[in-house]
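Each remark here refers to the structure printed beneath this line.
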Protein chains: 2
Amino acid sequence: MRPGSDEQEWREDCAPRRVLEIFATKWTSMILHTLAARHGGAARTGVLHRSLPGISKKMMVQTLREMESSGLIDRRVESAVPPAVEYSLTPLGRRFVGLVEVVYDWGRENSDALDQLRIRASSRRRAG
Amino acid sequence: MRPGSDEQEWREDCAPRRVLEIFATKWTSMILHTLAARHGGAARTGVLHRSLPGISKKMMVQTLREMESSGLIDRRVESAVPPAVEYSLTPLGRRFVGLVEVVYDWGRENSDALDQLRIRASSRRRAG
DNA sequence: CATGATGGTTACCTCGTGGTGACTATGTCC
DNA sequence: GGACATAGTCACCACGAGGTAACCATCATG
C-alpha cells in the first residue's frame, strides 16, 4: 500500500465521504431520479408523492425542503386556488442526477449480485 | 411520463433501492474501498481501523460482521499468540467494490459540485 | 507487576430517521 | 353541508445507527 494514501482519502471532508451524504438515509436520490424521469425534471407534489411508494407526506416535504436548501431543487409555488407547487431540478441537481442514474443502472445490471447479498432482514427500518 | 414506469421502479424490492442499502448509513462502502486499496483486497483489523479515521471499534466490528454475513468479505482467524484476524474481499465483495469506486471517482471529479452543495451542518449525526 | 498491542464484547446513551395521525385552508363536486 | 383534493404543518412516538468507555484474554516488554 502507498503510505498515507488511504488515510488522506478518508478525512471527514473528503469528496467520497461527502458523496455518501447524498445516498445516506432518506429519499434524496429517489426524488432526484423521479424528477429526472419527468419531462423537464419537474413535478408537482402530488405526482412526486404517488411516484414514491412508501414515502410519508412528512418525509416528502422534509426531504424536499432539505434538497431545496441544499440547492438541488427549486420550489415554485403557483398561487392558484388549489395551491399548486412544482419542484424542479436545478443545474446542480442535474449533476447529481447523473451519479444517481449511474448507481441505479449498476443496480439493474447487477441484480444477480444484489440477489446474492444476504442482507439481514432484521434491521433496515421495520424490515419492509 | 410513461404510465406505470416509475411506480414499478420504486417497489421496495427493486434493484436501485437495494443498491442504496450498501451506501445507507454505516461504513460499508469505506471498508470495501479500503480493502480494495490493499494488495489482494485483504487487511488485518488494526490496519483497517487505522485506515478509517473516525470509526469506533464497535462500529468497525459490527459492520465487518454484517458484511461477512452478507457475503461481501471473508474473515480468517490465525490462531496465533496475539490473535491475528484478516478480512478479505469475496468475489461478491469485489463486484460491489466496482460500484463503490465509481461513486468515489465521481466524487473526486465533481468536488466542485459537492462544494456547491449546501448541506445543513446541523443534522447528519453530530455534525462530524 | 504495570503497560501496551493483539481482537473483540458489552452496557449505556444520544439522536436522527422516519412513520402515523390530526389539523389548517380553500375551492369544487355531489 | 360533507367529502375530496390541493399542499403542508405539527405533535408524538419508535427504532436503529452509531458513539463512548469499560472490560476480557494473552503474550511480550520494561
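Source: prediction; values computed, not measured. Throughout, protein chains are lettered first and strands after them, A, B, ... in sequence-line order, and every chain is numbered starting at 1. Computed over heavy atoms, backbone and side chain alike; hydrogens, waters and symmetry mates excluded.
Residue E66(B) contributes atom CD, which lies 7 Å from atom P of dA17(D) at whole-angstrom precision. Computed from coordinates, the I55(B) CD1 to dG8(C) C1' distance equals 14 Å when rounded to whole Å. For M30(A) and dG18(C), the CE to C1' distance is 12 Å, given to the nearest whole Å. Between the CE atom of M59(A) and the P atom of dG8(D) there is a distance of 15 Å, given to the nearest Å. The distance between atom CG of L48(B) and atom P of dG7(C), rounded to the nearest whole Å, is 10 Å. Note: CD (E68(B)) to P (dG7(C)) measures 15 Å, nearest angstrom. Look at NE2 on H49(A): it is 12 Å from C1' on dG18(C), rounded to the nearest Å. What separates CZ of R65(A) from C1' of dG18(C) is a distance of 17 Å, to the nearest Å.
Checking R38(B) against S51(B) by side-chain atom types alone, a donor-acceptor pair falls below 3.5 Å.
Judged by distance alone, the side chain of T90(B) and the main-chain N or O of L72(B) form a donor-acceptor pair under 3.5 Å. The backbone N or O of I55(A) sits less than 3.5 Å from a side-chain atom of H49(A), completing a donor-acceptor pair. Between the side chain of S56(B) and the backbone N or O of M59(B) there is at least one donor-acceptor pair closer than 3.5 Å.
Picking from dG7(C), dT20(C), dG19(D) the nucleotide with the shortest atom distance to the side chain of K57(B) gives dG7(C). Each of dT20(C), dG8(C), dG19(D) was ranked by its minimum atom distance to the side chain of V85(B); first place goes to dG8(C). With distances taken from any side-chain atom of Y87(B) to the nucleotides dG19(D), dG8(C), dT20(C), the minimum falls on dG8(C). Listed nucleotides: dG19(D), dG8(C), dT6(D). Nearest to the side chain of R50(A): dT6(D). Out of dA11(D), dG7(C), dG19(D), the shortest distance to the side chain of K58(B) is found at dG19(D).
For dT6(C), neither phosphate oxygen OP1 nor OP2 lies less than 4.0 angstrom from any side-chain nitrogen or oxygen of R44(B). Between R76(A) and the phosphate of dA7(D), there is no side-chain N or O to OP1/OP2 separation shorter than 4.0 Å. At least one side-chain nitrogen or oxygen of T45(A) sits closer than 4.0 Å to the OP1 or OP2 atom of dG8(D).
Checked for salt-bridge contact, E86(B) and R44(B) miss the test: no charged N lies under 4.0 Å from a carboxylate O.
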